[in-house]
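Notes for the one structure printed next.
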Amino acid sequence: MSAPDLLQPVVSPRARAWRRALRHGGVLFGGAILLAIALVAVFAPLIAPYDPYAQDLSQRLIDPVWGPKGSWAHPLGTDQLGRDYLSRIFYGARISLLIGLSTMCVSGLIGTVMGVAAGYFGGRVDDVVNFVVVTRLSMPVILIALAVVAVAGSSLTVVMAVLGCLLWDRFAVVMRAATRQVRDLEYVTAAEALGMPVRRIVISEILPNVLGALIVVATLEMAHAILLEAALSFLGLGVQPPTPSLGLMVSEGRQVMFFKPWLIAIPGAALFLLVLSINLLGDGLRDVMAPEGRS
Amino acid sequence: MTIQRDPTLRAAAAILAAGLAAGTAAADKASDTLTVALDMEVETMNPYQSTSRMSLIASKMMFDTLVWRDPKTGEFAPMLATEWEWVDATTLDMRLREGVTFQNGEPFDAEDAAFTLNFFSGPEAKTKGQSSVDWIESAEILEPFKIRIHLKAPFPAALEFLASPIAIFPKDYFEKVGFEGFETAPIGSGPYQATEIVKGETITFVANPNYFTGGARPAPKIGKIVFRTIPDLNTQLAELMTGGVEWAWRIGKDEAEGLRGMPGLTVADAETMRIGYLTMNAAGTGGETPFTNLKVRQAVSHAINRQAIVDNLVPPGARLIPSACFPDQFGCEQDVATYDYDPEKAKALLAEAGYPDGFEFTFDVYRDRPYAEAIIGDLAKVGIKANLNFAKYATVRDALRSGGSQVAFLTWGSNSIGDVSASTSNFFKGSADDTYKDAEVAAWLTEGDASVDPAVRKAAYSKALKKIAAEAYWVPLWTYPYTYAFSEELDFTPTSDELPHFALTGWK
Amino acid sequence: MLGFLVRRLALAVLVAFTVSAVSFVLLRASGDVAVAIAGESATEADIAAIRHQYGLDRPLAIQYFDWLGNALSGDLGRSIFFNTPVSDLISERLPVTVAVGALALLFAVTLSVPLGVAAALRPNSPIDHLAMWLAVLGQAMPSFWFALLLVLVLGVWWRLLPISGTGTFAHYIMPAIALGYYATPAIMRLTRAGMIEVLQSDYIRTARAKGLGTGRILFKHALRNAAIPVVALAAVQFGFMLSGSIVIESIFALPGVGHLAWISLQRSDFTVVQGIVLMLAVIYICLAVVADLFNAWLDPRIRVS
């Protein structure tokens, strides 16, 4: 955006979108929860009452504060190895957000490049991208992820890489459609006629105009990645213990869930809240950016 | 047949039939039906096609072996063979029981025994557990009820194998139906016959009314036993608590605590011959590691609070082991160097070894993740950072053999054989699994394995085990008890051979 | 129409080939199957013998083309663990997976389509908001967690439904809900959006102007048009459900292909996983083609172009 725009007294479309966003319940609510979770995650080392890795076998499976034997020493109790559950939830949120963001970036980059290329050039490029997308969609994600993790060994990096390389399909499809709409607009054809290089057309003309769709897909995929990581960790092939991952905590707690249901209820609820906030934000942003979609 | 082949039709039929069915039949003492939960399916009804424990459990129901090994005392007793005699070190004569019939009425005689031994030790059968049959040269029929088994070489464990994996097949029936036919309608002479097999879900066994008497194994007591495959352990618990199954095993410590208070259930623990241990890459195959340093290995041994893990995480009945073998095995020397829990000493040893600030390594694990996590936590307290690599058994074993593994948490069940030759010798005698490359230890173990004199063997094993402990090649951890939970109406006794003997089980 | 069909089929075949090649390489790299077959107490010699016996010591490319040639003639190889043909294993277990998937889809559609229609008829009404909230909440629920909660609450605490197995229709209810709810939000949103669009279109207005009853407009005209993208989505979701049922099948002890794939992967029985990946890919591709054709049948505009 160039400087004169900002100086204009007239309200720009972007500012109008902001104003709508601030009035939108979903955006506010989702944004607030997500912000809170993000703050907890970022400042986990400062606010967590205990080291999430510090085990104490004499303090195992203590009830949370509302339970019969609970106390404020461990507000959410402790797990099977006597680690503070609250601290692990804080750090677990950190891992989830990290996975969500990294997957969003990697898959967003892959998907956007493919989608924009297909949408802009069309023809053969479009055919090839379409083929790759269909191939990717027809591979069962979980099975492929499990197979890759089995080869590469499971670690945080591997999980981030695998999810990043698998979840770009929606980016590609949406970016392709959005780019096709934009590329026939007058100013793009005008830029082409002026002989502007393709790279510059894409960066300065196309991308800013598909940004809205990109953000919406990005939030959805972030939520998707967080859920998939949790599922992989639940199956034992995601993030490795003792790293606190919310999915792993559900998996570790489920053996005693009939006797200590909070062991699965708490991390599951945390995961639910995190994904819910991201989805609310994403949905809200979609409404804000395309108000006509929601009459 | 067309319906069988067409998945859509079968699915529709399944839903329809399910909708019409009244509900699952109650399974309990009143209906003389025992339903047990197993986490893996019995993948084949032919025990020679498998090395899995599930198939061995099923095999014990359907088949008899020549010799019976009493699961409580470990002693051999007559089963299909009434008496046996070693003619020399490679020739074993066996007299067979008369009057036994297979479940289809086919009478049992030397033809069946000789056929089983010859066919399944031969190349045509493609037997999976090669080590359980490859010691057999041939079997010949001496009389209608007497056979002679020729061994390829002297093999002290022959009776162990004749008592466990080698199930006797009905020759005529098997030759008629072949491998595929046998899968759908297996026939043995054992106390139970598999009458209904729903792949991946249930196997129904019905008591064999004509089971022979006079052998070491009594006649079946329960009318019908159903194996249900329930892969998820807490689904098993849910079914156990709501009466969907009457028996489950390998229950974790905390779950067992919860179940102990529940009415109608009995919870029992039994030690098995399985031991847990950490193996450290002491020889440095695959590159130099901190673990080639004896002080580091000793530091690791001192750093792990094994007692706390046994007290808090391992089911009741576990013992700490000092030595690289199961304590009750023949030759398992207990008087060896031990390493008490002492994190300060561990830190001092690390500093002496040149790692005052500790180091990082990859910790290969294939089961019991909570134990591994506890070990990682203990190591972290002395400054060693273990990065968990949870992988399949095959992967970990590959890594060990290629020298790619630094430290691995493994377990070993010795094939339920009560002799050090089945444990220590497996790992320290220069085989592919020997990552320590200690020639002295290997020589002592070879001496012990080759001798028939108990005193010589004991002395040789003792020397080997003392050096293994002094060198801290392993961190021997603990024995593995299994916890069983079952209906209080059930008269079930857990045994140490990691096999539930349902054929010996009855109602109270 | 014919050209369209031929193109779709050519693409489908190409995709199936690519999927099979990629998964073959991946799975073979994921573990030494010979070690897995030989079992815990095998010696190095046992393993070498097994490797030779199963042809695992040949170059990977040769093994792949060998497998492909057989697969084209309908032979997916033998499971190393079960020692039975993979096609038999799959046909034994696919019915359970398909049954759960179909019931899950049925659950999702019966819940989401009426809600979506109701929401579209009264935008911004309480029912619209309720539907939106259900959608957002549903999408955020981790399916493995939801399944565990169902077992805990409906199975153990209230004892309303059988927990595991496939004995009766009731056995399928919990798995179908656990698998189906995740598809509900997407189908509901699409139904709602489609209905709103159609209801605002000229021909519905015309129909209204002609004095046709609301019910008739709704079912004869509006729903039929709004259904087009919903059907496509439902078909695709069904494909995802088949492959997404690994966790659900394990938790509810259903002997389906999802669980078969998962345990086979754990024990390096790669011929089975390979067969299942190929089958799922083919099913997915077929569903996509069928969805396209169905759309063409529903919407004359697609047929003409």
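Numbered from 1 within each chain, the chains take letters A, B, ... in sequence-line order. These values consider heavy atoms only, across backbone and side chains, with no hydrogens, waters or symmetry-generated copies.
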Point to revise | side chain to side chain contact (heavy atoms under 4.5 Å, CB included) partner of A/T135, chosen from C/L11, C/L14, C/T18 | key: C/T18

Exercise for review: Apply side chain to side chain contact (heavy atoms under 4.5 Å, CB included) to the pair C/W262 and A/L143, showing each step before the final yes or no.
Suggested key: CA-CA 8 Å; C/W262 166 227; A/L143 269 182; 5.8 Å; no

Review point. Can you say whether C/L137 sits under 4.5 Å from chain A via the side chain, the backbone, both, or neither, judging by heavy atoms?
Key: both

Review point. Take atom CH2 in A/W66; do more than 12 heavy atoms of anything else shown fall under 6.0 Å from it?
Key: yes

Point to revise | Rounded distance [0.5 Å steps], CE in C/M132 versus CG in A/D283 | key: 7.5 Å

Review point. To the nearest 0.5 Å, what is the distance between CG (C/L278) and OG (A/S138)?
Key: 10.0 Å

**Study point:** Segment of C/V19 engaging chain A (4.5 angstrom heavy-atom cut-off)
**Key:** both

**Study point:** Side-chain heavy-atom pair A/L227, C/Y182 within 4.5 angstrom cut-off
**Key:** yes

**Study point:** Exercise: identify the closest heavy-atom pair between C/V277 and A/P140
**Key:** CG1-CD, 4.2 Å

Review point. Closest approach of C/L148 and A/R254, non-hydrogen atoms and distance?
Key: CD1-CB, 3.9 Å

Practice item. Check each atom of A/A223 against the heavy atoms of chain C and say whether the ones under 4.5 Å are side chain, backbone, both or neither. Key: neither

Check your understanding: For the atom pair CD1 (C/I285) and CG (A/L137), what is the distance rounded to the nearest 0.5 Å?
Key -> 10.5 Å

Point to revise | Region of A/L237 in contact with chain C, defined by heavy-atom distances below 4.5 Å | key: side chain

Check your understanding: Roughly how far, to the nearest 0.5 Å, is the CZ atom of C/R189 from the CZ atom of A/R286?
Key -> 5.5 Å

Study note, to complete from the structure: With chain C, the option among A/S277, A/P267, A/A269 that has the most non-hydrogen atom pairs under 4.5 Å is A/A269

**Study point:** Flag, side chain of C/W145 to backbone of A/I264, donor-acceptor distance under 3.5 Å
**Key:** yes

Point to revise | Over 12 non-hydrogen atoms of neighbours within 6.0 angstrom of CZ in A/F29 | key: no

Check your understanding: Would C/V15 and A/R136 satisfy side chain to side chain contact (heavy atoms under 4.5 Å, CB included), going step by step from the backbone distance to the final call?
Key -> CA-CA 9 Å; C/V15 167; A/R136 161 50 208 88; over 6 Å; no

Point to revise | Engaged part of A/F234 at the chain C interface, taking heavy atoms whose separation is under 4.5 Å | key: side chain

Exercise for review: For C/A140 and A/V275, work out which heavy atoms get closest and say how close.
Suggested key: CA-CG1, 3.5 Å

Exercise for review: Write down the atom of A/M257, the atom of C/L152, and the distance for their closest heavy-atom approach.
Suggested key: O-CD1, 3.8 Å

